[in-house]
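Let me begin by presenting the structure, written as structure tokens, before commenting on it.
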Amino acid sequence: MIFAKQAKLSSGWTTNVRLNIADGKISSVTENQSPAQGDTVVDTLLPALANLHSHSFQRAMSGMTEFRMAGKDSFWTWRDLMYRFTAHLTPEHVEAIAGLVFLEMQEAGYASVGEFHYLHHQPNGMPYDDLGELSSRIAAAASETGIGLTHLPVLYTYGGAGKVPLEAGQARFGNSVDRFNGLVGRAQAAVSQLPADCRVGIAPHSLRATSPEDLKAVLTARPNGPVHIHIAEQPKEVADVQAWLNARPVEWLLENTDANTDWCLIHATHMTDAETVNMAKSGVVAGLCPVTEANLGDGPFNGPAYLQSGGAFGVGSDSNVLISLTEELRTLEYSQRLRDIARNVMVVGEGSVGETLYTGAAKGGAQALGRGAGEIAVGELADLVAIDSSAPALCALRQDQLLDGLVFGAKDNVVTDVWSAGRHAVQSGRHVKRDAIITAYRSAMASLMAAL
């Protein structure tokens, strides 16, 4: 049982709440209670967010790409550096890095992750003896940390729009449709060993890295479950796809696929107003990664028009240059303010921006990962986070201001506890396996740095 002095339920704020958890789900919610012996007592209980978009291996690159070289740095120059980095990663490195990333996510308040996984093969492009070797390593990291995993093997067949051949730096990513389907099967076998809330989806990398016929083939083979795709992240990508397919990326996708509530469109940064409205009305989730999008110079999402049209959204940490739930949410709002020269942008009409961002991302992230979560209610997965409202950043706030304080004034260190489908991984602000996971990561980094 969990006893919370206050909690944000699906019905609103309430006090003195006891929750019972059975088989990873919330089985009862009772208000106006007193703590009982054996209860885990917390201050303020919230639905935990899903981190809907992660490339975990890129965490180990943080700080390595912030040196300006001759010419204009861009997403594309960053990508070249990333390709060179991946050439040195072993399966052991991949597992250790993912372990650290998942731990950091949980300590930041995330209960689950969508791992958009495109590092599949050996550095020369040859498959491992087990085609799903690196997917198995991601599953092992999820098992060690207890995070809720939606594993998203990536179809990456071409090096650019128009079926451009893969570059040498992309060799570890590449698969035909047939081999990709085999890879998904191996990933399912690995994830089947995890708790029942974990699952496998698919991720056609982007329109530039696949083709209309290949996209149709993988969607036919996997008609149900999460589908994630990078879309319209960079102006060059938009121009290249338009020149090839005679339509902008979001425009083409909405007209040529059954993009629906199972889909998550990552970034969707460069859209027309019509694309923004149509995407919102389709039921897909916008997968926004504000910290990475700022780091890579992608540009801001068209937030106000998307919300006005009822669009669903969630947040992810993408390149994992910094893993911070509060920073993702505040950067999302601040990017809108900087563009519009206005305040309190990401809310429809009047109301709390922090609550709009937090609760919207909780529901949208759960939808994107195929998790029955996103709010505290009977029958939902017990994806929960507790924060300390007596922390200096929050102690002066009324109950109805707490989410504004959390998003705009607090750091992730106000998180005290996190449950992933009832697995109590973070206690008193620390992951229960923190020391062992960090030791393994440091050892892996010593090996990796020696190889670079």
Side-chain angles (χ1 to χ4, degrees), residues 23-25 50-54 111-118 120 131-132 135-136 138-139 142 147-157 175-207 209-231 250 252-266 268 278-287 311-314 316 363-374 379-381 383 421:
D23 298 324
K25 296 183 178 181
N51 185 319
L52 56 64
H53 188 66
S54 164
S112 58
V113 60
E115 182 63 19
F116 197 101
H117 177 74
Y118 58 83
H120 300 309
L131 183 60
S135 285
S136 296
I138 298 298
I147 200 167
L149 174 67
T150 295
H151 188 55
L152 299 159
V154 170
L155 175 67
Y156 202 122
T157 307
N175 283 297
S176 66
V177 170
D178 287 344
R179 190 163 74 177
F180 174 73
N181 287 335
L183 174 65
V184 172
R186 293 301 305 144
Q188 286 177 309
V191 172
S192 70
Q193 304 303 308
L194 300 177
D197 61 288
C198 299
R199 66 191 58 235
V200 173
I202 59 171
H205 178 273
S206 56
L207 293 182
T210 184
S211 67
E213 53 270 29
D214 287 356
L215 181 59
K216 181 179 180 180
V218 297
L219 293 174
T220 299
R222 296 275 301 181
N224 300 307
V227 181
H228 290 216
I229 186 169
H230 289 132
I231 200 94
V250 172
W252 187 93
L253 192 78
L254 295 178
E255 290 179 354
N256 291 275
T257 69
D258 182 27
N260 55 40
T261 55
D262 285 339
W263 285 63
C264 182
L265 275 54
I266 306 299
N278 291 336
M279 178 175 157
K281 291 181 176 179
S282 72
V284 306
V285 176
F313 71 94
K363 293 175 182 176
Q367 177 184 324
L369 299 195
R371 294 179 71 80
E380 298 287 281
L381 283 175
D383 285 359

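These values consider heavy atoms only, across backbone and side chains, with no hydrogens, waters or symmetry-generated copies.
Considering only heavy atoms from C-beta on, Ser135 stays 4.5 Å or farther from Arg186 through its side chain. Considering only heavy atoms from C-beta on, Leu219 comes within 4.5 Å of Ile202 through its side chain. The shortest distance between side-chain heavy atoms of Ser112 and Thr150 does not fall below 4.5 Å. With a 4.5 Å cut-off on side-chain heavy atoms, Pro226 and Leu369 do not count as touching.
The structure places CG of Leu207 at 6.0 Å from CG of Leu253, a figure rounded to the nearest 0.5 Å. Asp258 contributes atom CG, which lies 9.5 Å from atom OG of Ser282 (distance to the nearest 0.5 angstrom). Ile138 CD1 to Ser54 OG: the interatomic distance, rounded to the nearest 0.5 Å, is 8.0 Å. The CG atom of Leu215 sits 9.0 Å away from atom CG of Asn256, with the distance rounded to the nearest 0.5 Å. Atom CG of Leu381 sits about 11.0 Å away from atom CG of Asp23, to the nearest 0.5 Å. For the atom pair CG of Leu152 and CZ of Arg199, the computed distance is 11.0 Å after rounding to the nearest 0.5 Å.
Across all non-hydrogen atoms, the minimal contact from Leu52 to Gly365 is CD2-CA, 4.1 Å. Ala312 and Gln367 get closest at one heavy-atom pair: CB-OE1, 4.3 Å. Pairing each heavy atom of Asn175 with each of His120, the nearest pair is ND2-CD2, 3.3 Å. For the pair Gly314 and Val285, the tightest heavy-atom approach, listed with the atom from each and the gap, is N-CG1, 3.8 Å. Phe180 approaches Leu155 most closely through the heavy-atom pair CE1-N, 3.4 Å. Minimum heavy-atom separation, Arg179 to Leu131: O-CD2, 3.6 Å.
Ring geometry, Phe116 versus His230: the interplanar angle falls from 30° to 60°, so the pair is classed tilted. Ring orientation note: the planes of Tyr156 and His205 are tilted relative to one another, at an angle of 30° to 60°.
A centroid separation of 6.0 Å or more is found between the aromatic rings of His53 and His228.
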